[in-house]
Structures are given as structure tokens and as C-alpha cells.
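Below you'll find the structure, written out as C-alpha cells, and then a few comments.
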Amino acid sequence: ARILAKNKVPMLAVATIEEAIAIRKSLIFTPILLLGPCLDFKILSSYKITALVLGESYLQKLLKSPYPIHVHIMLDMGMNREGISIDQLDESVKKIHKSKLQLKGICTHYSSLSNFESAHETFHNLQTKYAPMHLVFHSSATSTYSHNHDDNFCFRIGLALYGLDN
């Protein structure tokens with residue numbers, strides 16, 4: 001994390017709240033996106049850790065926070081595992097704006113390479129609608145190596161860490 005922060009990456013992403021706290025205690029102040037849920041709202045707020053809204057039920061819990069918390073919305077664009085659907089996005093944004101939550105961005109994940117272009121186009125259309133927000137397209141391992149990317153990408157190489165089949 002220290003090397004990445006020194007090289008001015010715009011954000012770090014971690015799986016657990018313990019990882020995020022360890023980074024903060026190391027005096028690294030780069031924004032951190034927590035990929036897993038955390039119901040300790042005081043910790044999220046005091047350590048300035050951005051929570052990822054993984055779905056409607058987690059959003060409902062976050063909305064009850066008495067503390068200001070930065071959030072990113074995970075947008076479900078076809079994986080059907082987690083996230084807010086495109087149909088629910090406007091309503092979710094409205095709920096967040098009426099709460100103590102501070103919406104910092106929207107991110108998603110490619111469901112497959114076969115729909116890369118249409119998903120990419122859909123996501124970029126959202127940039128016009130939500131222009132002031134930091135939109136991040138969370139790229140899958142295989143698309144990382146097979147497509148050109150713009151500045152709105154972060155990469156989760158996942159299993160590619162162990163090699164890719166051609």
C-alpha cells in the first residue's frame with residue numbers, strides 16, 4: 001500500500017475492514033474502498049473508509065448510520081451476484097443524497113468478455129448523467145489484457161495472478 005500511495009494511485013481497495021484499518025494506522029491517507037461489508041459505521045467514518053454498497057439490503061443498513069460515510073455504489077450489470085441494478089440506481093442515489101452518506105462514485109464489474117462493449121457503453125452513458133461523481137469501471141482479469149482502457153478503470157486481476165489461458 002505504501003508503494004502504491006507513493007506512486008499516487010487514486011484509491012486502494014481492500015477486502016476486509018481489518019486491512020483498511022491497518023493501512024490507516026500505517027499513516028497512509030489514500031482513499032480506501034472496502035469491498036466487503038462493515039456494520040461498524042463509526043469505524044468507517046472515523047478512518048475515512050469508503051463503503052461499497054453491495055445491494056439494497058446493505059444500503060438500507062448504511063442509510064441508518066448516524067455518521068457521515070463515503071460510499072460507492074456497486075452497479076450490477078449482468079453478473080447477478082451483488083450490486084444495485086440499473087433500474088434501482090436513480091432511487092438509490094436519491095436515498096443516499098437524503099442521508100448522511102456521501103456518494104463518491106459508482107463502480108461495476110464486467111460479467112463476461114462477450115458483453116464488454118455494451119456494458120462499457122452503458123457505463124459511460126452514466127458518466128454524462130452523474131458527471132461530478134467518480135465513476136470506476138472495475139475490470140475483470142481477462143478484459144484487463146484484451147481491451148484498451150481509459151482513466152476510469154481500476155483492475156482486479158484475480159485469478160490472472162496465477163496466469164491466463166489463451
Side-chain angles (χ1 to χ4, degrees), residues 1-111 119 122-123 126-127 129-141 144 151-159 161:
R2 190 170 310 286
I3 291 169
L4 294 172
K6 196 175 196 177
N7 284 286
K8 301 191 185 323
V9 297
M11 180 175 277
L12 302 171
V14 298
T16 67
I17 191 66
E18 293 81 12
E19 289 174 290
I21 291 169
I23 290 169
R24 284 292 182 257
K25 286 184 175 180
S26 298
L27 301 178
I28 297 170
F29 301 106
T30 301
I32 298 172
L33 179 62
L34 177 61
L35 301 177
C38 176
L39 297 177
D40 190 334
F41 304 139
K42 188 175 182 179
I43 291 282
L44 288 170
S45 181
S46 63
Y47 282 101
K48 295 190 182 338
I49 298 166
T50 302
L52 183 61
V53 178
L54 298 165
E56 184 63 31
S57 64
Y58 187 48
L59 175 58
Q60 292 307 317
K61 292 172 185 170
L62 286 165
L63 288 169
K64 294 175 184 173
S65 171
Y67 304 101
I69 299 172
H70 294 176
V71 297
H72 270 232
I73 293 175
M74 169 60 105
L75 188 60
D76 182 359
M77 293 184 65
M79 289 195 78
N80 300 316
R81 289 196 304 206
E82 55 191 21
I84 301 291
S85 71
I86 291 178
D87 296 339
Q88 296 174 310
L89 182 59
D90 286 339
E91 187 59 33
S92 297
V93 169
K94 286 177 190 173
K95 289 177 186 177
I96 290 168
H97 285 308
K98 291 178 184 176
S99 72
K100 288 194 174 220
L101 302 179
Q102 299 168 11
L103 185 57
K104 295 297 183 178
I106 300 172
C107 61
T108 192
H109 188 291
Y110 293 115
S111 60
T122 300
F123 197 75
L126 291 172
Q127 282 185 298
K129 187 172 187 175
Y130 298 105
M133 232 179 291
H134 179 71
L135 298 179
V136 177
F137 211 97
H138 179 207
S139 180
S140 65
T144 300
D151 291 339
N152 289 325
F153 276 83
C154 66
F155 301 100
R156 181 198 56 81
I157 60 171
L159 294 176
L161 184 62

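Excluded from the calculations below are hydrogen atoms, water molecules and symmetry mates; all remaining heavy atoms, backbone and side chain alike, are included.
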When you look at Arg24 and Ile21, which way does the side-chain contact (heavy atoms from CB on, under 4.5 Å) test go after all the steps? CA-CA 5 Å; Arg24 284 292 182 257; Ile21 291 169; 5.7 Å; no
May I ask you to test the [X]-[Y] pair for a side-chain heavy-atom distance under 4.5 Å?
X: Ile73; Y: Ile96; answer: yes
X: Val14; Y: Leu34; answer: yes
X: Ile23; Y: Ile49; answer: no
X: Leu59; Y: Ser92; answer: yes

Where do [X] and [Y] come nearest, in terms of heavy atoms and distance?
X: Ala51; Y: Tyr58; answer: CB-OH, 4.1 Å
X: Leu62; Y: Leu101; answer: O-CD2, 3.6 Å
X: Ala5; Y: Thr30; answer: CB-OG1, 3.3 Å

Taking [X] for the side chain and [Y] for the main chain, is one N or O donor matched with an acceptor at less than 3.5 Å?
X: Tyr67; Y: Lys100; answer: no
X: Ser45; Y: Phe41; answer: no
X: Gln88; Y: Ile84; answer: no

Would you compute the distance between atom [atom1] of [X] and atom [atom2] of [Y] and round it to the nearest 0.5 angstrom?
X: His70; Y: Leu33; atom1: NE2; atom2: CG; value: 12.5 Å
X: His97; Y: Leu103; atom1: NE2; atom2: CG; value: 5.5 Å
X: Arg2; Y: Leu27; atom1: CZ; atom2: CG; value: 7.0 Å
X: Leu54; Y: Asp76; atom1: CG; atom2: CG; value: 11.5 Å
X: Leu39; Y: Leu44; atom1: CG; atom2: CG; value: 8.5 Å
X: Tyr47; Y: Thr50; atom1: OH; atom2: OG1; value: 15.5 Å

Kindly determine whether Met11 and Lys104 satisfy side-chain contact (heavy atoms from CB on, under 4.5 Å), including the steps that lead there. CA-CA 12 Å; Met11 180 175 277; Lys104 295 297 183 178; 6.0 Å; no
Assess whether side-chain contact (heavy atoms from CB on, under 4.5 Å) is satisfied between Ile106 and Leu89, documenting all intermediate values. CA-CA 10 Å; Ile106 300 172; Leu89 182 59; 4.1 Å; yes
For side-chain contact (heavy atoms from CB on, under 4.5 Å), just list the numbers for Ile17 and Asp40, CA-CA rounded to whole Å, side-chain angles, deciding distance to a tenth of an Å, and then say yes or no. CA-CA 9 Å; Ile17 191 66; Asp40 190 334; over 6 Å; no
